[in-house]
Each structure stands twice: as structure tokens, then as C-alpha cells.
Amino acid sequence: MRRGKKLCLVCHCILNGNSKVGGSCKYEGANVEVVKALMDRGYGIIQLPCPENTIYGIRRWGHVKEQFDNNFYRKVSRDLLNPIVDEIQDYINDGYTLEHIVGVFGSPSCGVYHTCSSALWYGELSKNENLSDTLKTVNCVDGSGVFIEELINIIEERNIDTKFVEVRESNILPQW
Ligand code: SF4
């Protein structure tokens with residue numbers, strides 16, 4: 001059978017839920033429903049690296065976008081993304097298409113339309129006498145995570161035509 005020449009980029013934990021912050025993954029390994037939806041479309045699936053695991057490791061706490069919104073995190077994100085977008089660009093130059101980029105609902109790194117936010121979630125938690133009040137300031141808000149913001153910038157800089165979608169952990173398929 002002829003190859004379809006259709007590609008998608010997926011955030012790392014869609015294929016490997018083990019990379020998520022401890023306690024937050026609702027599927028065993030890969031997000032089967034999302035992967036099946038991509039396979040049904042005939043896409044070749046390219047996995048992005050997990051920026052949080054790369055920088056903070058598997059025993060990290062859950063973070064909010066404000067903690068990653070700094071020059072170092074953005075630079076490492078771009079360093080991780082550029083070689084992959086280089087590869088995508090070579091495909092595109094040869095007649096392939098990047099159909100979708102699939103992000104993760106609510107992630108401070110990989111959210112596309114929703115991210116996790118708090119101006120107060122930082123610092124020495126054991127010295128925080130109002131920890132439960134501080135926790136209540138952590139909310140899901142409109143906006144992209146830092147890693148995806150950098151990916152959007154790179155995609156725009158290179159004039160690559162594609163569509164961004166995001167999926168939830170609980171296997172809810174996106175409307176796309
Ligand atoms: S959403 Fe992004 S940063 Fe978070 S676990 Fe998945 S790939 Fe890693």
C-alpha cells in the first residue's frame with residue numbers, strides 16, 4: 001500500500017503516560033483512544049519529548065505555568081523542539097503534510113487551549129501556613145503551556161501549515 005504522507009506530532013505522554021506527574025495518569029501506558037483515532041486517520045505518529053521529565057525528572061511535583069515561564073525553560077523547550085521541527089520540515093519539503101499537533105488539556109507545558117495557573121504556587125511549602133488556600137489558587141485557565149507556546153512560535157516562524165488540538169487525560173476524544 002502507498003504511504004499516506006500524513007504526519008502528526010503528539011505530546012510525549014499520549015504515547016507514554018508514565019512520564020506524567022505522579023498520580024495524574026488515568027491510563028496504563030498509551031492513551032489508546034487517541035492513538036487509535038490518529039491511526040484511523042492514517043497518520044504517521046511522531047512523539048515529542050516530555051520537557052518536564054527532561055528538566056525535572058519523574059519525581060517532580062505538579063507545577064503551574066508561571067513556574068515554567070522563564071528564559072531557561074523556554075530555551076530548553078526550543079532546543080528540544082527545533083531538531084524535530086527540522087525533521088518535519090524535511091518531510092514537508094518532500095510533499096508530506098503535518099496534519100495535527102496534539103497537546104494535553106490543562107498542562108502548564110503542553111496545554112494548547114487550557115493550562116494550569118497560579119500566581120502563588122511556589123516557594124517553601126512546609127513554611128506555608130495557608131497551604132490549602134494557596135492550593136485553591138491553582139486553576140485551569142485559557143491559554144497554552146510554555147512548551148506549546150514555543151512550538152507555536154517555531155511553527156509560525158517557519159510558516160508550517162498545521163492544526164493544534166488538545167486531549168484530556170480521561171480518554172475524551174477531541175473535536176477535530
Ligand atoms: S503534558 Fe507534556 S510535560 Fe506533561 S507529562 Fe505530558 S508530555 Fe510531559
Side-chain angles (χ1 to χ4, degrees), residues 7-39 43-88 98-118 121-122 125 135 137-156 160 162-176:
L7 300 166
C8 68
L9 277 177
V10 298
C11 283
H12 186 93
C13 59
I14 291 168
L15 291 173
N16 173 28
N18 299 295
S19 65
K20 285 179 176 283
V21 165
S24 76
C25 191
K26 293 181 177 147
Y27 47 90
E28 191 174 3
N31 187 326
V32 174
E33 279 190 56
V34 173
V35 173
K36 185 170 182 313
L38 299 170
M39 291 174 67
Y43 295 173
I45 302 170
I46 298 177
Q47 185 182 30
L48 290 165
C50 172
E52 294 180 22
N53 226 3
T54 301
I55 297 171
Y56 290 104
I58 197 62
R59 296 183 71 95
R60 66 191 183 278
W61 293 110
H63 291 77
V64 294
K65 179 178 179 180
E66 286 82 348
Q67 292 172 293
F68 297 154
D69 192 5
N70 60 71
N71 287 334
F72 176 76
Y73 199 91
R74 288 185 181 277
K75 180 186 179 309
V76 174
S77 294
R78 290 184 78 94
D79 289 347
L80 292 169
L81 289 163
N82 269 318
I84 295 168
V85 182
D86 284 344
E87 187 182 349
I88 292 288
L98 179 60
E99 297 287 327
H100 279 103
I101 297 175
V102 187
V104 178
F105 180 98
S107 165
S109 297
C110 300
V112 178
Y113 304 111
H114 302 87
T115 189
C116 188
S117 172
S118 166
W121 186 243
Y122 66 94
L125 298 183
L135 261 173
T137 69
V138 177
N139 285 309
C140 183
V141 300
D142 290 347
S144 305
V146 172
F147 187 68
I148 289 290
E149 277 184 349
E150 291 304 320
L151 180 54
I152 290 169
N153 290 338
I154 293 170
I155 291 288
E156 286 178 357
I160 292 174
T162 190
K163 297 173 278 302
F164 281 84
V165 292
E166 66 182 8
V167 296
R168 295 171 187 253
E169 266 193 14
S170 50
N171 287 358
I172 296 170
L173 281 177
Q175 301 298 311
W176 56 9

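None of these values were measured; they are calculated from a predicted model. Whatever order the structure lists them in is the order used to number ligands and atoms, beginning at 1.
- Residues meeting the side chain to side chain contact (heavy atoms under 4.5 Å, CB included) test with E99, sequence neighbours left out: K6, Y43, T97, K163.
- Note on atom 6 (Fe) of ligand 1: protein N/O/S atoms under 2.8 Å are C13 SG.
- Side chains of E166 and H114: a donor-acceptor N/O pair is present below 3.5 angstrom, by distance only.
- Ligand 1 places these atoms under 4.0 Å from at least one heavy atom of R60: 5 (S).
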Kindly indicate, with the supporting measurements, whether the criterion side chain to side chain contact (heavy atoms under 4.5 Å, CB included) is fulfilled by I45 and I14.
CA-CA 11 Å; I45 302 170; I14 291 168; over 6 Å; no

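- For T115, the side chain to side chain contact (heavy atoms under 4.5 Å, CB included) partners at least two apart in sequence or on another chain are K65, P108, V141.
- Remark: R78 engages E150, E157 in a salt bridge (Lys or Arg N to Asp or Glu O under 4.0 Å) (not counting sequence neighbours).
- Without hydrogens or angle criteria, W121 side chain to G62 main chain gives a donor-acceptor distance under 3.5 Å.
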